[in-house]
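First comes the structure, then the notes that go with it.
Since the structure is predicted, the reported quantities are computational estimates derived from the model, not experimental observations.
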Amino acid sequence: MSESLPVIDVAALTSSRSAERAAVGQALRAACLEHGFFYCSGHGVPQCLIDAALAETRSLFALPDEVKATLDKSHSAANRGYEALGGQTLEPGSLPDRKEGYYIGEDLSADNPRVLAGVFNAGANVWPQDLPAFRPVMMAYFAALTVVSERLMRGLALSLDLPEDHFTAFTTDPAATLRLLHYPPARPDVPDEQGAGAHTDFGGLTILLQDEVGGLQVKGSQGWIEAPPIPGSYVVNLGDMIARWTNERYRSTLHRVVNRSGRERYSIPFFYSGNPDHEVRCIPTCLQPGESPKYEPIRVQEHMRAMYRRTYVT
């Protein structure tokens, strides 16, 4: 039997009954130990907002190249804006990824304390002038996914037999990145080309919205697991920070995108990094008898700086 990812209804994380919340925690525990990936239903994000975010994403990437060039993230000190096709290579030694992207984060003014302090990737967003609905839709979607992320972190605390509020300091004033992606079809004459090379994600949680095309693959024990879109759900995975936090008991798993559909593919991952100044230190209860922490304590923003050096020249 081929492997597949579990579907977890997380709606009960808002239940007033502790037993119902604990049951979701146990389901999350099994998924995090086995794959580090799961489908998330019952998340509470309105379908109309999801549809609007995808529609605006398609409109953005349909802009003329010369317009997108004016939005290029090279003009931003906070890594915001447009990234051209082939601008990233996620799998070392492979061809550049066949995708173009767009980065959005918390919109911070130049006098914000985080910007003044030089916090990693803190700053203002870059907004296209020709798409009037783009900014309000993306900011509403960003806010909704921030709420879902905080809820999932409470679920992860339960999954580790910790108090539900264990990660509260991490989820206070969090940093996150909304990344819009467009994957043109793979070229038949370039057999090794991938939309996104095999990689793990850098931060805490990734909440992925896919269109109907598919192409996401997750590394399993028997090969690559197909993770097609399931209407009304997200694909959620753990990043390197959670693996580090749990001394690798919870997995940050390799995954990739291969778009052999012959169609344009669009997706919107939301990367939740947490409070930039929070210290990630091995959770003692994650250690096996006689085991020592595999990683030194590190602040979130320093971890993220190190991870970005994997795929970008700095």
Side-chain angles (χ1 to χ4, degrees), residues 7 9-11 13-14 39-65 67-68 70-73 76 78-83 85 99-108 123-152 174-185 195-196 201 203 205-216 227-237 257 259 261 263-273:
V7 180
D9 187 337
V10 302
L13 287 176
T14 61
Y39 288 94
C40 168
S41 63
H43 46 74
V45 181
Q47 187 61 46
C48 60
L49 181 55
I50 291 172
D51 293 343
L54 279 171
E56 291 299 318
T57 296
R58 293 187 178 96
S59 296
L60 173 80
F61 290 118
L63 291 172
D65 289 343
V67 175
K68 289 187 286 189
T70 67
L71 306 170
D72 195 276
K73 69 184 185 70
S76 167
N79 200 49
R80 307 289 174 79
Y82 177 70
E83 179 178 76
L85 192 70
K99 68 179 189 299
E100 56 180 341
Y102 201 88
Y103 287 88
I104 299 169
E106 186 180 7
D107 210 6
L108 302 178
N125 285 318
V126 176
W127 299 112
Q129 299 301 308
D130 300 332
L131 302 174
F134 184 86
R135 180 174 184 170
V137 166
M138 292 307 168
M139 286 290 88
Y141 188 75
F142 188 98
L145 270 290
T146 300
V147 171
V148 175
S149 299
E150 181 178 354
R151 191 176 302 154
L152 287 174
T177 299
L178 188 64
R179 195 172 182 197
L180 318 180
L181 294 171
H182 167 224
Y183 298 87
D201 289 345
L205 297 173
T206 301
I207 303 176
L208 174 66
L209 171 62
Q210 304 185 76
D211 68 3
E212 70 282 359
V213 172
L216 174 64
I230 297 178
S233 70
Y234 290 108
V235 174
V236 177
N237 64 281
V257 172
N259 183 15
S261 67
R263 301 166 59 190
E264 309 295 321
R265 178 184 189 267
Y266 300 88
S267 71
I268 308 177
F270 180 80
F271 300 105
Y272 187 80
S273 305

> Pick from Glu106, Arg135, Arg80: which one makes a side chain to side chain donor-acceptor pair (under 3.5 Å) with Asn125?
Replying inline: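 With Asn125 as partner, Glu106, Arg135, Arg80 yield a single side chain to side chain donor-acceptor pair (under 3.5 Å), made by Arg80.
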>> For Ala124, give me all partners under side-chain contact (heavy atoms from CB on, under 4.5 Å), at least two apart in sequence or on another chain.
In response: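 Scan of Ala124 (side-chain contact (heavy atoms from CB on, under 4.5 Å), adjacent residues dropped) gives Asp107.
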> What's the verdict on side-chain contact (heavy atoms from CB on, under 4.5 Å) for Ile104 and Trp127, showing C-alpha distance, side-chain angles and the deciding distance?
Replying inline: CA-CA 9 Å; Ile104 299 169; Trp127 299 112; 4.0 Å; yes
If you round to the nearest 0.5 Å, how far is [atom2] of [Y] from [atom1] of [X]?
X: His182; Y: Glu100; atom1: NE2; atom2: CD; result: 5.5 Å
X: Tyr103; Y: Leu180; atom1: OH; atom2: CG; result: 11.0 Å
X: Phe270; Y: Thr177; atom1: CZ; atom2: OG1; result: 8.0 Å
X: Tyr39; Y: Asp9; atom1: OH; atom2: CG; result: 15.5 Å

> Going by heavy atoms in the side chains, are Pro128 and Leu60 under 4.5 Å from each other?
Replying inline: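 Side-chain contact under 4.5 Å: yes.
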> Would you say the side chain of Glu264 lies within less than 4.5 Å of the side chain of Pro184, judging by non-hydrogen atoms?
Replying inline: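 They are in contact (side-chain heavy atoms under 4.5 Å apart), so the answer is yes.
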Would you find a donor on one side and an acceptor on the other, under 3.5 Å apart, between the side chain of [X] and the backbone of [Y]?
X: Asn259; Y: Tyr183; answer: yes
X: Asp211; Y: Val213; answer: yes
X: Tyr102; Y: Val126; answer: yes

> Checking side-chain contact (heavy atoms from CB on, under 4.5 Å) for the pair Phe271/Asp201: CA distance, chi angles, key distance, verdict?
Replying inline: CA-CA 8 Å; Phe271 300 105; Asp201 289 345; 3.8 Å; yes
Could you go through residues 136-152 and list every donor-acceptor pair under 3.5 Å that involves a side-chain atom there, pairing it with any protein atom two or more places apart or in another chain?
from	atom 1	to	atom 2	distance (Å)
Tyr141	OH	Tyr234	OH	3.1
Thr146	OG1	Phe142	O	2.8
Ser149	OG	Leu145	O	2.9
Arg151	NH1	His43	O	3.2

Between [X] and [Y], what is the shortest heavy-atom contact and its length?
X: Leu85; Y: Tyr82; value: N-OH, 4.2 Å
X: Gly42; Y: Val10; value: O-CG2, 3.8 Å
X: Gly214; Y: Pro229; value: CA-CD, 3.7 Å
X: Leu63; Y: Val67; value: CD1-CG1, 4.1 Å

> Would Arg265 and Lys99 count as a side-chain contact (heavy atoms from CB on, under 4.5 Å) if you check the C-alpha gap in whole Å, the side-chain angles of each, and the deciding distance to 0.1 Å?
Replying inline: CA-CA 9 Å; Arg265 178 184 189 267; Lys99 68 179 189 299; over 6 Å; no
>> side-chain contact (heavy atoms from CB on, under 4.5 Å), that's the test. Do Ser267 and Leu208 meet it? Break it down for me.
In response: CA-CA 7 Å; Ser267 71; Leu208 174 66; 3.9 Å; yes
Please tabulate, for the side chains in residues 44-58, all donor-acceptor contacts under 3.5 angstrom to protein atoms that are two or more places apart in sequence or on a different chain.
from	atom 1	to	atom 2	distance (Å)
Gln47	NE2	Asp51	OD1	2.8
Glu56	OE1	Phe134	N	3.4
Thr57	OG1	Ala53	O	2.8

